[in-house]
Amino acid sequence: MLSIEHIRENPDEVRAALKTRGEDDSITEVLELDTAIRATITERDNLNAERNRVSKELGQARSQGQEVSEEARAQMREIGNQADALNEKTKEMGNRMGELMLTLPNLPQSGVPVGEDETGSIIIRQNGEPPVMDFEPKPHWDLGEELGIIDFERGTKLAGSRFYNLVDYGPKLERALISFMLDLHTNDHGYTEISLPAVVKREIMEGSGNLPKFADNLYHDDEDDLWLIPTAEVPITNLYRDEIIPANTLPLKYVAQTPCFRRERASAGRDTRGIKRVHQFNKVEMYQFVEPETSNDELDKLVDHAEDVCRKLGFTYRVLALCTGDMGFASSKTYDIEVWAAGCQEWLEVSSCSNCTDFQARRSNIRYRSEEGGRPRIPHTLNGSGLALPRVMIAIIENYQQPDGSVVIPEVLRPYTGFDVIPAKKATI
RNA sequence: GGAGAGAUGGCUGAGUGGACGAAAGCGCCGGUCUCGAAAACCGGUAUGGGGGCAACCUCAUCGUGGGUUCAAAUCCCACUCUCUCCGCCA
């Protein structure tokens, strides 16, 4: 959620910023409501003050044995009714205001490239070059089946298209990757590991910015109004919902591995082969609550934490600064990390790292006590994948494949896998 | 799923419809004392909104939403959540 004070004081700036995100003018009504609401509040409060004052007098009079006249009662009843009516009006306007505010995306920071879609995003650095292989590398959908580690057909049988089973060396590799990443982030990068519910309540989805606008992309349990998380970012954002974090506790850094569920309705027909775009996948997610002044520096570090995984796994990767039109709803600034996959000859997005500034914290009513005291402040929140499992699996399988069809395990993973190579074999079943 | 108990400030915990944003204690902050600290004593200590340059004024908030009343933490209704016991169960 944007700050209403900021919108009120800088309407033109906000309009311009929202326009770069493809928003047409959606703050005119907000500004009108804001003015009307404040006027009504003043009126209502004056009536309430009057009511409180006179009621107190009546109470004192009565305690001294005087009768409260029916006339005085009727008069106060009338004032009360007027105040209630104004209160009702305030609530209605407030509700409408809330609806509007929930649909406004975060403002891009200055310096974020302006553009309509992914073509406007900028590659800011690249690590390594796509290797030239002396044989024809296979895409993972072929290789995975041949190795007997990805079973598309039976996954589809169980849950429909875009679901799959990992088998044999497949889930072992995934487990190893998860452990490797969690250990790296907790031991070397200062994160605390946390394990979370994979379903959340409606208001939790609102806090992170996924609802009300993006219900289409979520799986939902009608009976209990629970929503399957599309990323661990959702529950972590709301950990401190409606709380004031004590002084001297920021930054708070969490890393979590969760399943992620995405309906991908908007992407029907895209990337239908393989496990690049699926409805359920595992992801290791980094998340931070930080002091506002430090959020951009911390974002740079967080990106490096994700890059560290890529470097240690020996990936060729590049980092992109997303443009205004390509960023997520809650983000003010986002860097994507893409790794090269030799088989499908594609750059795969394995991480998206964002500074959501105070946007999510305000929606979730999270505040913190600063060292200097004074009013509670709103922290900034950062999130980034570290990393998404299926695409990392793709990169490993495709990039480390050998001419004989086997896959060599990267050095750093071997303590976790317990094997050095996924042997070539014809799947028996 | 069945039965019962409860929900009040950072925490514990009082609160006969009127002086209650709320006793007391703890915690925390500041001060006195001290070489320093502890103890003791004194003072301060919720959040959000509206108005004001400011001092400050004012409104709302005692789980949530309704209701009764001139007036509700307190009375009435509904809901939610938590805890305990029983049943079922990974």
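Because the structure is a prediction, the values reported are computed rather than measured. So you know, we letter chains A, B, ... as the sequences are listed, proteins then strands, and number each from 1. FYI, side chains are in, hydrogens and waters are out, and symmetry mates aren't considered; it's all heavy atoms of this structure.
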Parallel, tilted or perpendicular: ring planes of Y219(A) versus F261(A), cut at 30 and 60 degrees: perpendicular
Please list, one pair per line, the donor and acceptor atoms closer than 3.5 Å that link side chains of residues 199-208 of chain A to other protein atoms, with sequence neighbours excluded.
from	atom 1	to	atom 2	distance (Å)
R202(A)	NE	D225(A)	OD2	3.1
R202(A)	NH2	D225(A)	OD1	3.3
S208(A)	OG	M205(A)	O	3.2
S208(A)	OG	N210(A)	OD1	2.6

Both distances under 3.5 Å, Watson-Crick or G-U wobble: report the partner of [N], or none.
| N | result |
| --- | --- |
| G27(B) | U45(B) |
| C83(B) | G4(B) |
| G9(B) | none |

R367(A) side-chain N/O to A46(B) phosphate OP1/OP2 under 4.0 Å: no
OP1 or OP2 of G65(B) under 4.0 Å from side-chain N/O of K91(A): no
All ring pair (Phe, Tyr, Trp, His ring centres under 6.0 Å) counterparts of F281(A), not counting sequence neighbours: none
Residues, nucleotides or ligands: over 12 heavy atoms within 6.0 Å of Q75(A) CD: no
ring-ring contact (aromatic ring centres under 6.0 Å, His included) partners of residues 186-213 of chain A, not counting sequence neighbours, each pair once: H185(A)-H189(A), H185(A)-Y191(A), H189(A)-H305(A), Y191(A)-H305(A)
F359(A) and F329(A) aromatic centres sub-6.0 Å: yes
Of [range], the positions that come close to RNA chain B - non-hydrogen atoms, cut-off under 4.0 Å:
| range | result |
| --- | --- |
| residues 71-84 of chain A | R73(A), M76(A), R77(A) |
| residues 192-207 of chain A | none |
| residues 51-58 of chain A | R51(A), N52(A), S55(A), L58(A) |

